[in-house]
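Below is one structure, written out as structure tokens; the observations come after it.
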Amino acid sequence: MDVQADRDRCLGAGMCVLTAPGVFDQDEDEGLVLLLDARPPQDRHAAVRIAAGVCPAEAVTISEPGSSTTVRTATSAPGRRGDGIFTEPLSP
């Protein structure tokens, strides 16, 4: 699992930090996301997937090595699974 956090999109809600504290943190100045572990261990994968799903800014993305599928949050988008997360290839 590869994780990315887009500080330009981040609103500082802190949902990622609450959900996966070993992977995400917030900076003290702006409260924006800090990615602590871009390749978290297997035992944190579920929490990271949840963090991506609850991010109100859609700032957290996840990709699996060897896969063209990226997971990100969505409020309404094609391919939505109904749990706030959808999977589809993302355009660069």
Side-chain angles (χ1 to χ4, degrees):
M1 168 183 281
D2 293 318
V3 182
Q4 294 182 336
D6 185 342
R7 288 176 54 87
D8 291 330
R9 293 186 69 120
C10 181
L11 301 173
M15 298 304 297
C16 59
V17 179
L18 293 171
T19 307
V23 178
F24 304 100
D25 200 353
Q26 288 177 281
D27 70 42
E28 291 184 24
D29 296 329
E30 300 176 90
L32 300 178
V33 63
L34 294 173
L35 183 60
L36 302 177
D37 192 350
R39 292 192 171 192
Q42 181 74 30
D43 64 338
R44 294 188 180 171
H45 286 194
V48 172
R49 286 187 182 96
I50 292 169
V54 299
C55 176
E58 300 180 2
V60 176
T61 56
I62 303 166
S63 59
E64 300 292 340
S67 172
S68 63
T69 301
T70 300
V71 178
R72 62 181 173 161
T73 63
T75 53
S76 82
R80 184 173 174 180
R81 296 187 325 203
D83 57 3
I85 301 173
F86 73 98
T87 59
E88 68 178 28
L90 295 178
S91 302

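Residues take their numbers from the sequence shown, with the count starting at 1.
- Considering CG of Leu32 and CG of Asp6, their distance stands at 10.0 Å, rounded to 0.5 Å.
- When Thr61, Asp37, Val60 are each tested for a side chain to side chain contact (heavy atoms under 4.5 Å, CB included) with Val3, only one passes: Val60.
- In this structure, Val48 and Pro40 approach most closely via the heavy-atom pair CG2-CG, 4.0 Å.
- What you find for Cys55 and Ala59 is that their closest heavy atoms are SG-N, 3.2 Å.
- Under the 4.5 Å side-chain contact rule for hydrophobic residues, Leu35 and Ile62 share a cluster.
- Using a 4.5 Å cut-off on side-chain heavy atoms (C-beta onward), Arg39 and Met1 make no contact.
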I'd like a table of donor-acceptor pairs (distance under 3.5 Å, sequence neighbours excluded) in which one partner is a side-chain atom from residues 12-27, with atom names and distances.
from: Thr19; atom 1: OG1; to: Met15; atom 2: O; distance (Å): 2.7
from: Gln26; atom 1: NE2; to: Gly12; atom 2: O; distance (Å): 3.1
from: Gln26; atom 1: NE2; to: Gly31; atom 2: O; distance (Å): 2.7
from: Asp27; atom 1: OD1; to: Asp29; atom 2: N; distance (Å): 3.3
from: Asp27; atom 1: OD1; to: Glu30; atom 2: N; distance (Å): 2.6
from: Asp27; atom 1: OD1; to: Gly31; atom 2: N; distance (Å): 2.8
from: Asp27; atom 1: OD2; to: Arg7; atom 2: NH1; distance (Å): 3.0
from: Asp27; atom 1: OD2; to: Arg7; atom 2: NH2; distance (Å): 2.6

